[in-house]
Enquirer: 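Okay, here's the structure, questions in a sec.
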Amino acid sequence: IDNENLKKIFNILQSAFDENLSISAEKGSIIKLGYNEELDNLRKTKYSRRSLLNNLVTEYKELTGIPTIRLSKTKILGYFIEINSKHEIDRNIFRHCQTKKHSITYKTEKLLDIEYKINTAEKLTVDLEDQLILEIVDMLLKNAYILKEVAYVQADIDVCSSIAYLSKTRNYCRPTLFDDHRFDIIGGRHASVEVFQEDQFIENDCILSEQKPIYVITGANMGGKSTYLRQNALIAIMAQMGSFVPATKADIGIIDAVFARIGASDDITRNRSTFMVEMLETAHIINSATQRSLVIIDEIGRGTNTKDGVSIAWAILKYFHKLNCKTLFSTHFYELKKLKLDGIVSKHMLVRETENGLIFVYRLGDGYTDKSYGLQVAKIAGIKEEIITDANIKLLSLE
């Protein structure tokens, strides 16, 4: 960085602008006093017109010996001196303006000069300040390369200090990176969710390898599947950007990209249904992912009928198995448990059923579960009891 020019830029900005300048500051009052003498004088004229006029009246009272001289103003005449008609005055100084019944009004060169300054001071102040600001902007543009360098340095400091603060206060660990396919996260947490959660965040492990690169995760709605997928993707990104990570231990093989298919949304302006958007996102992942990628799939095949959805999910899971990329695949299609391929590990989010309802444990357990607890979650959401009861009867008949 060019320190000499940087100091000059800093000194100019410091002398020209108040660092606590309000965003609502009026034009003409943006540049600090003392930066430009002409601007300061214009402001003095603008803000001290009353004292200027009073001083002039006092001067004329002393000059003429007439204590009753007064200053008046009308929209037509502007400012004028008013003197009782019985007094004689120097017509070289006082120029006749208007004769009244008991007085005569006059203009003087000094009065005209003050009046002109008062009337033009505000416009001149704004114009001059604009000119000065443009000069400063031009100077900054000529030295933009220095400001960019400073911005980059400040950004680095901001990122590094923020990461260091979080790592210290949130008990992050230093990840270890390897040139292989491992993904060993012990006691992983979600960096954002744990900050806003009142209770202690439930830690979970994620152990993927070249031999077992895929987790298929089933379990309850609201059970924590989405959070689990995202926290591991976030840990991978944070590790490779040079940050400590929210985990007890993290050993990660280099990942070339993180792909995510999460949530549901449509794009009606482009004639794309929710399912079409889901398929487009999935197609992008399929066409872009490599063996070194991390893929998280949070439900797939939901926007069509069950048979279509299961079939699509089944085939895509098989494709990721063939690709052998690290994959976290969340689903409510328990039929996928029949897809028995080496390298696919079955997991589910634990839930405890009690007389008072469900208790979400948010802990990852081994194996599949065919319970999504959709009706219980619907009840928690406030769906009417008669609907829940009717749905339970139908569910029992389907099972």
Enquirer: Answer yes or no: is there an ion pair linking Lys117 with Asp113, defined by an N-O contact shorter than 4.0 Å?
Expert: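 Salt bridge present between Lys117 and Asp113.
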
Enquirer: Using modelled atom types only, decide if a donor and an acceptor are shared between the side chain of Asn204 and the backbone of Leu364 within a distance under 3.5 Å.
Expert: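 Yes; at least one donor-acceptor contact below 3.5 Å.
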
Enquirer: Can you say whether the rings of Tyr228 and Tyr215 are parallel (under 30°), tilted (30 to 60°) or perpendicular (over 60°)?
Expert: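 The arrangement is parallel - the two ring planes meet at less than 30°.
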
Enquirer: Taking Asp366 first and then Lys347, would you say they form a salt bridge - that is, a charged N and a carboxylate O separated by under 4.0 Å?
Expert: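 Here Asp366 pairs with Lys347 in a salt bridge, since their nearest N and O are under 4.0 Å apart.
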
Enquirer: Any salt bridge between Arg43 and Glu129, counting N to O under 4.0 Å?
Expert: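 Looking at Glu129 together with Arg43, the answer is yes, because their closest N to O distance falls below 4.0 Å.
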
Enquirer: Please check if any side-chain donor atom of Asp266 sits under 3.5 Å from a side-chain acceptor atom of Ser273, or the reverse.
Expert: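 The criterion, which ignores hydrogens and geometry beyond distance, is not satisfied for Ser273 and Asp266.
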
Enquirer: Answer yes or no: is there an ion pair linking Asp205 with Lys249, defined by an N-O contact shorter than 4.0 Å?
Expert: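 Between Lys249 and Asp205 there is no salt bridge, as every charged N stays at least 4.0 Å from the carboxylate O atoms.
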
Enquirer: Between Asn84 and Thr68, is there a side-chain donor-acceptor contact under 3.5 Å, judged purely by atom types and distance?
Expert: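 No, no side-chain donor-acceptor pair sits under 3.5 Å.
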
Enquirer: If a pair satisfies ring-ring contact (aromatic ring centres under 6.0 Å, His included) and one of its residues is in residues 53-86, list it, with sequence neighbours excluded.
Expert: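 Found Tyr60-Phe94.
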
Enquirer: Hey, is the main chain of Leu134 close enough, under 3.5 Å, to the side chain of Asp138 for a donor-acceptor pair?
Expert: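 Not at all, since once roles are kept as given, no pair shorter than 3.5 Å links the two residues.
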
Enquirer: Can you tell me if Arg261 uses its side chain to pair, donor with acceptor, with the backbone of Gly263 under 3.5 Å?
Expert: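 Confirmed, Arg261 side chain pairs with Gly263 backbone.
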
Enquirer: Between His332 and Ser372, is there a side-chain donor-acceptor contact under 3.5 Å, judged purely by atom types and distance?
Expert: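 Yes.
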
Enquirer: Taking 4.0 angstrom as the limit, do Lys394 and Asp390 come out as a salt bridge?
Expert: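 Here Lys394 does not pair with Asp390 in a salt bridge, since their nearest N and O are not under 4.0 Å apart.
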
Enquirer: Using 0.5 Å steps for rounding, measure from the CD1 atom of Ile114 to the OG1 atom of Thr108.
Expert: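 Nearest 0.5 Å value for the CD1-OG1 distance: 7.5 Å.
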
Enquirer: Distance-only, no hydrogens or angles: does the Ser85 side chain make a donor-acceptor pair with backbone N or O of His102 under 3.5 Å?
Expert: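 Yes: the side chain of Ser85 pairs with the backbone of His102.
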
Enquirer: Does the His181 side chain pair with the main chain of Ser209, one donor and one acceptor, at a distance under 3.5 Å?
Expert: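 It does not hold such a pair.
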
Enquirer: More than 12 non-hydrogen atoms from neighbouring residues, nucleotides or ligands closer than 6.0 Å to NZ on Lys32, yes or no?
Expert: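 It does: Lys32 NZ has more than 12 such atoms within range.
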
Enquirer: Between the side chain of Asn36 and the main-chain N/O of Leu39, is any donor-acceptor distance below 3.5 Å?
Expert: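 Between the backbone of Leu39 and the side chain of Asn36 there is a qualifying donor-acceptor contact (under 3.5 Å).
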
Enquirer: Is Arg170 atom CZ crowded by more than 12 heavy atoms from other residues, nucleotides or ligands, each under 6.0 Å away?
Expert: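 Atom CZ in Arg170 is crowded, with more than 12 foreign heavy atoms closer than 6.0 Å.
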
Enquirer: Within a reach of under 6.0 Å around CD1 of Ile23, are more than 12 heavy atoms found that belong to other residues, nucleotides or ligands?
Expert: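 Open.
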
Enquirer: Looking only at the side chains, is there a donor atom on one of Asp308 and Thr306 sitting less than 3.5 Å from an acceptor on the other?
Expert: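 Note: Asp308 and Thr306 side chains miss the donor-acceptor criterion.
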
Enquirer: Is there side-chain contact between Glu335 and Trp314, with at least one heavy-atom pair below 4.5 Å?
Expert: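 Answer no - side chains too far apart.
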
Enquirer: Go through the steps for Asp267 and Thr269 under the test side-chain hydrogen bond (donor to acceptor under 3.5 Å, both in side chains), then give the verdict.
Expert: CA-CA 6 Å; Asp267 188 356; Thr269 60; 2.9 Å; yes

Enquirer: Please confirm whether the backbone N or O of Gly301 pairs with a side-chain atom of Glu278, one donor and one acceptor, at under 3.5 Å?
Expert: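 Present.
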
Enquirer: Only one of Ile285, Leu328, Ile316 clears side-chain contact (heavy atoms from CB on, under 4.5 Å) with Ile297; which?
Expert: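 Result: among Ile285, Leu328, Ile316, Ile285 is the only option passing the side-chain contact (heavy atoms from CB on, under 4.5 Å) with Ile297.
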
